[in-house]
Amino acid sequence: MDSEPSREWWREAVAYQIYPRSFQDSNGDGIGDLEGIIQRLDYLNDGTRRSLGVDAVWLSPTFPSPMADFGYDVADYCDVHPDFGTLETMDRLIAECHRRGIRVLLDWVPNHTSDRHPWFIESRSSRSNPKRDWYIWRDPKPDGSPPNNWRSVFGGPAWTFDETTGQYYLHSFLKEQPDLNWRNPEVEQAMFDTLRFWFKRGVDGFRIDVIGRILKHPDLPDNPPNPEWQPGERERFSQIWVYNHNFPDVFEAVKRIRRVFDEYPGTVSVGEVFGTPEEIARFYGDDDERGLHLAFNFHFIHEHGHVITPWEAPVLRRIIGNAEASVPSFSQPCFALNNHDRSRFITRHDADGRGRERARAAPLLLLGLRNTPFLYYGEEIGMADVDIPPERQQDPARFRSVGRDPERTPMQWDTSPGRGFTSGEPWLPFGPLSPNVAEQDSDPDSLLNLYRSAVWLRKELAALRRGSLQRLGGDESVVSWLRVAEGAPSVFVAVNTSTEAVTVDVPFRLSSIALCTDRAREGHLRSERLELPPLGAAWVVEGS
Ligand code: GLC
Ligand code: CA
């Protein structure tokens, strides 16, 4: 890589999330590992259009962990879980990525540690332990019940009573994930040092886990009940998270976190955040002081926590418009259509059995927007949720009725018994033989080759890479916009969310279809009208 890396490389990057347990197993234990990722780097980017061409990878947690929440319960922020490899393997992975121009983001989990982290073991050992105040301990109420009414995101009370010292500790997630006390400056400093540890090893940035929860109201008051909640719905929505989610102090802490990133120019922070467009925007900081470089916008997946966002032009247009209007001008949005916590795109949009068709329009939307897009492994071949029989279920979290295993199954490389993923028993069952990489690799019509074309075209077309987004429009069936960069041809993006073919006006006299879900249509456009196939999408480039 360049000896002077461009400081804001992330503005033009396409990123790819790897769930390390499920990408590639190198030693036959059925669990993906870092060595396996290294073996697959050419698939991600070998410098040619035969590869996906991504510019960065984010690895979900790779640290030592009892795996109560599959790595989001960290027992040591500065090492590698033996299932995944060693520090040496990680160093090699970073070097091998950099050799290919791929930046590496790790997953920083600042809100909580594992209950096996040495800090918590000390903290729970006695009320007078110097680390007691590194976590959030409170006396029971006089009747013995928890200090307040907060519910865990995964269900049940957010407090667990500890017999040894007769107090409750707070955990926003599993009881194996005690929340750190970010009001203690020692905690903040210790956590900052974990960032520095990896920056010194060459890591290019971090995805930051549930950053909106690190600071709560100092008095920990009860949350008000949610009047819209119906018994039987997910318990975590039974109250409004006023005092333990996006609490104003979080936005100041985020600026202090940013200063640590600024000690290492060229690094990037990407926050996992939830909220309204305005709340998301606040994570970026302000004109006086910057916050996170990027904050995820998950509104294409869900806007209100549990309601799946429909694939409908007016809804997509509203989400895009809100993000354009709210993210500060010094940065840009950051969208994803999939991740390890949510049902996969195809499954979400398959009520009429046409999820696969919608999945072809997805990359044209995501990579056609002004944003730093994040792909999730397997999305590029159209992996869907996999039914997991009860005896094979692993995820303890009850996000939905089944947990999150269905979207975390092993990458399907080919049709061999181990799917090219493992020579052993995979930790989660495989999906059906198709889709897989091998069948799509040389098929010009495949979803994989559509993704590859989209990523490489984005590199070629400055308007898509760094242009502004203008003339957001369309109608009930179509969402469309223009990407405009000085000195480069403009690009018109149109996505048809209806199941009928539609015709739209193209704002150029001369143009060509650079990419279309129906690949036979690519090429010179003879009129200022563009026909989009049912559920189809196209990128039209100005000029002949
Ligand atoms: C985030 C992660 C999720 C994890 C939770 C607790 O939402 O994406 O996988 O369970 O935080 O760390
Ligand atoms: Ca392995």
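Start at 1 and go down the list; that is how both ligands and their atoms are numbered. Along the sequence shown, residues carry numbers from 1.
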Note to self: Given 3.5 Å as the limit, does a donor-acceptor pair link the side chain of Ser152 with the main chain of Pro157, or not?
What the structure shows: no

Notebook entry, point to check: Taking the side chain from Ser269 and the backbone from Phe206, do they hold a donor-acceptor pair closer than 3.5 Å?
Noted result: no

Provide the number and element of each atom of ligand 1 under 4.0 Å from a heavy atom of [X].
| X | value |
| --- | --- |
| Arg408 | 9 (O) |
| His112 | 6 (C), 12 (O) |
| Val210 | 1 (C), 7 (O), 11 (O) |
| Arg404 | 3 (C), 4 (C), 9 (O), 10 (O) |

Margin query: Under 6.0 Å from the ring centre and within 45 degrees of the ring axis: does the NZ or CZ of Arg282 meet both conditions for the six-membered ring of Phe251?
Written below: yes

Note to self: Assess the residue pair Arg40 and Asp42 against the criterion (salt bridge (charged side-chain N to carboxylate O under 4.0 Å, His left out)); give the C-alpha distance rounded to whole Å, side-chain angles, the decisive distance to 0.1 Å, and a yes or no.
What the structure shows: CA-CA 6 Å; Arg40 292 294 186 181; Asp42 280 345; over 6 Å; no

Is [X] atom [atom1] crowded by more than 12 heavy atoms from other residues, nucleotides or ligands, each under 6.0 Å away?
| X | atom1 | result |
| --- | --- | --- |
| Glu88 | CD | yes |
| Asp414 | CG | yes |
| Phe161 | CZ | yes |

For ligand 1, is any non-hydrogen atom under 4.0 Å from [X]'s backbone (N, CA, C, O), its side chain (CB onward), both, or neither?
| X | answer |
| --- | --- |
| His171 | neither |
| Arg213 | neither |
| Phe154 | side chain |

Note to self: Strictly under 3.0 Å of the Ca ion (ligand 2): which protein N/O/S atoms qualify?
What the structure shows: Asp25 OD1, Asn27 OD1, Asp29 OD1, Ile31 O, Asp33 OD2

Next item on the list: Would you please determine whether Arg342 falls within less than 4.0 Å of ligand 1 on a heavy-atom basis?
Entry: no

Next item on the list: Would you check if Glu122 and Trp134 make a side-chain contact, meaning some heavy-atom pair closer than 4.5 Å?
Entry: no

Item checked: Lys/Arg N to Asp/Glu carboxylate O, Asp286 vs Lys255, below 4.0 Å -> yes

Margin query: Taking Glu303 first and then Arg318, would you say they form a salt bridge - that is, a charged N and a carboxylate O separated by under 4.0 Å?
Written below: yes

